[in-house]
Amino acid sequence: MQVIEDLKQAVHAAIEKAQEAGDFGAFAIPEIAVERPKDTTHGDYASPTALRLAKLARMKPRDIAETIIKHLAAPAAISEVTLAGPGFINFRLSNQYLHGLIEQMIGDETFGRTTQGAGKRAQIEFVSANPTGPITIGRTRGGVIGDTLARLMEAAGYDVTREYYYNDAGRQIQMLGESVQIRYLQELGQEKELTDDHYQGAYIRDLARELKAEHGETLSDSPADYFGDYAKSAISSQQKASLQRVGITHDVYFNENDLYSDGSLTDTLETLAQNGYLYEKDGAKWLKTTAFGDDKDRVAVRSSDGRPTYRVPDIAYHKNKAERNFDVVVDIFGPDHHAVAPQVLMGVQMLGYDTAFVHTLLHQIVNLIRDGVTVKMSTRRGNYVTLDELVDEVGPDAVRYFMIARSATSHVNFDLDLALAQSDENPVFYIQNAHVRCCGIFRKWVEAGLAADADTNADLSLLTHEKEIEFLRKAHELSEVIDNAVTQYEPHHIAFYAYDLAADFHPLYDACRVLNDSVPEDLRLARLRLYRAAQHLFGRVLDLMGMTAPERM
RNA sequence: GCCUCAGUAGCUCAAAGGAUAGAGCAACGGACUUCUAAUCCGUAGGUUGGGGGUUCGAGUCCCUCCUGGGGUGCCA
């Protein structure tokens, strides 16, 4: 990102100089744009500034560009400045700059890190499943998106808190307890049936069997609460274990019940009332969300049992987030939350807080495809595929990759056959194989009895092959990919980058051999250094995606 | 009805308001006594769902219509 900033300043300065020299008239210089051209033959960077200045300067874009170039003092990293097309100024990175990246990749485990989040604290809330069943693939997607974003934000300098909001009380746990109790009694041969409100999944029966195995028939008179307590703690630890399998962990587990016990909930309701956003109607208390653009007001406290709806603790929770003074809060929700999320933020505004620090990232659903057909799922009937089953079938790396390899706004079609395929169809292997190939070179090198560190002082200026330079260009992009992904809350960019990087690596591997007699010794050592850098870079990028970097396939 | 996401090559998907809309797969044609070919090279494939608008420039922004997913609870 530094190069872009340098270029912006250089162009700005060139325009100022042109104005001083009388080549341009007097006008306020607008913000300078520097971007990556889609077509890399145009260069590493391009500025369309001349096109945008046409009106202000009252000149033809190409003439403007020519004038800017005349006065331009290009940054050190740039070796070539050209005028092209309707008035683009194109820039190319120097080989010397690119060669300098090699030692950075090897020596710096945080290669590609940026500074946009330096000194800032971010909180990301994701997964947040209640302890009533296994982690589903929908939650998994949110989990992977959240964890990957967390890794990217850390790379961008943020101090990140990964947070999980859960609720192990209330009606749902009551139903959970009853479900296990009924299954337990069934195991003992009693005539009991679940109702539609109960949890139907096979895991309920598993828990009942565990209890029977451990306690025999001694629990037959135990209350549903006993079964509920047992089930929620068992399920909760299963959930954590499942998430851990794909590298997802949380720093903070925020229990919704604390909001009840510490008085936050009553405080919240009182403040809402004081501020005039709470009113009674039909025996319930209503939240005046229409004052913030909602199409109807929402119930805050039920008439039936006098208990708050989920909105109130959600609002209290977000007030709590506000009070913890994060610079950025990201909420990652599935599509079922799209209507709820704005209502919660309205509630927080009713309490007098600015909610600009909250970014809601809504992701779309995951469809599982097997044999080319969508697998039908229903959470209610317990007929769904869990994270554990998915990991068992395709492995953690494929789960991570396919969950993050789509923009969050797109549906994911998770193709089980593709994820399992050990062929060129499968991008997971394509990316990891780049790392494997680097490892292979060093393994062979050492096996041949050669010094493992022979590449330490290699003459990197010998790396002038087109493929070598292209790979280094792509390596240089990492920091920009990180910054973009974080700025736009779009972690999928790292997955596409990983693929592109591999797509620049494999041709390099083909064209630029190391352990081949025809390669001169000094070039061999330089390439060895390059592959060492590549190995580090793939390790780094795979880590940013929470994937492993295997040494062998 | 309202809200929301999407619609781009046969398929799965990319694309900071920039240049000739890109990848992969599938199809077709080539390349292995290999630093493991889980790879590489090449060919072909498009009116970015339709129609308007904004501007130097639109897949991208605005309006409108069509199609599909999801949500529309005093469940979370």
Taking the C1' atom in each of B/U8 and B/G22, what is the distance between them to the nearest angstrom? 10 Å
Partner of B/G10 by Watson-Crick or G-U wobble geometry, both contacts under 3.5 Å, or none? B/C25
P gap between B/G57 and B/G24, integer Å: 33 Å
Separation between the P atoms of B/C66 and B/C75, rounded to whole Å: 35 Å
Ignoring hydrogens and angles, are the base of B/C74 and the side chain of A/Ser303 linked by a donor-acceptor pair under 3.5 Å? yes
Any donor-acceptor pair under 3.5 Å joining the side chain of A/Asp500 to the base of B/A14? no
Output one letter per nucleotide in nucleotides 1-6 of chain B: B when a protein non-hydrogen atom lies under 4.0 Å from the base, S when only the sugar-phosphate is that close, - when neither is. -SBSSS
Most 5' of A/Asn167 and A/Ala502 on RNA chain B, judged by nearest nucleotide: A/Ala502
Go ahead and name the base partner of B/C2; Watson-Crick or wobble counts if both distances stay under 3.5 Å, otherwise write none. B/G71
Residue whose nearest RNA chain B nucleotide is more 5′ - A/Val340 or A/Lys296: A/Lys296
Atom pair OG1 (A/Thr548) and CD (A/Glu551), whose distance is rounded to the nearest 0.5 Å: 10.5 Å
Between B/A16 and B/G59, how far apart are the two P atoms, rounded to whole Å? 13 Å
If we take the C1' atom in both B/G30 and B/A44, what is their distance in whole Å? 15 Å
Does A/Asn426 reach the main-chain N or O of A/Ala419 with its side chain, forming a donor-acceptor pair under 3.5 Å? yes
Rounding to the closest angstrom, what is the interatomic distance between B/G10 and B/A6 at atom P? 22 Å
If I take atom CZ from residue A/Phe414 and atom OH from residue A/Tyr401, how far apart are they, to the nearest 0.5 angstrom? 11.5 Å
Please state whether the rings of A/Tyr166 and A/Tyr253 are parallel, tilted or perpendicular, taking 30° and 60° as the class boundaries. perpendicular
Within 45° of the axis and under 6.0 Å from the centre of the six-membered ring of A/Phe402, does NZ or CZ of A/Arg406 qualify? no
Hunt down the Watson-Crick or G-U wobble partner of B/U36, both distances under 3.5 Å, from any strand shown, or write none. none
Considering only the C1' atoms, how many Å lie between B/U54 and B/C61, rounded to the nearest integer? 8 Å
In whole angstrom, give me the gap between the P atoms of B/C25 and B/A21. 22 Å
I'd like to know if the side chain of A/His435 reaches the main chain of A/Gln432, judged simply by a donor and an acceptor atom lying under 3.5 Å from each other, with no hydrogens or angles considered. no
Please work out which of the three classes, parallel, tilted or perpendicular, describes the rings of A/Phe24 and A/Phe27, given edges at 30° and 60°. tilted
Output yes when at least one side-chain N/O atom of A/Tyr509 is less than 4.0 Å from OP1 or OP2 of B/C41, else no. no
Reference residue A/Phe505; test ring-ring contact (aromatic ring centres under 6.0 Å, His included); the match among A/Tyr430, A/Phe538, A/Tyr499: A/Phe538
Starting at the 5' end of nucleotides 44-49 of chain B, put B wherever the base has a protein heavy atom under 4.0 Å, S where only the sugar-phosphate does, and a dash everywhere else. ------
Less than 3.5 Å between a donor and an acceptor, one on the side chain of A/Arg52 and one on the base of B/G17, is that the case here? no
Do any N or O atoms from the side chain of A/Lys232 and from the backbone of A/Asp168 form a donor-acceptor pair under 3.5 angstrom? yes
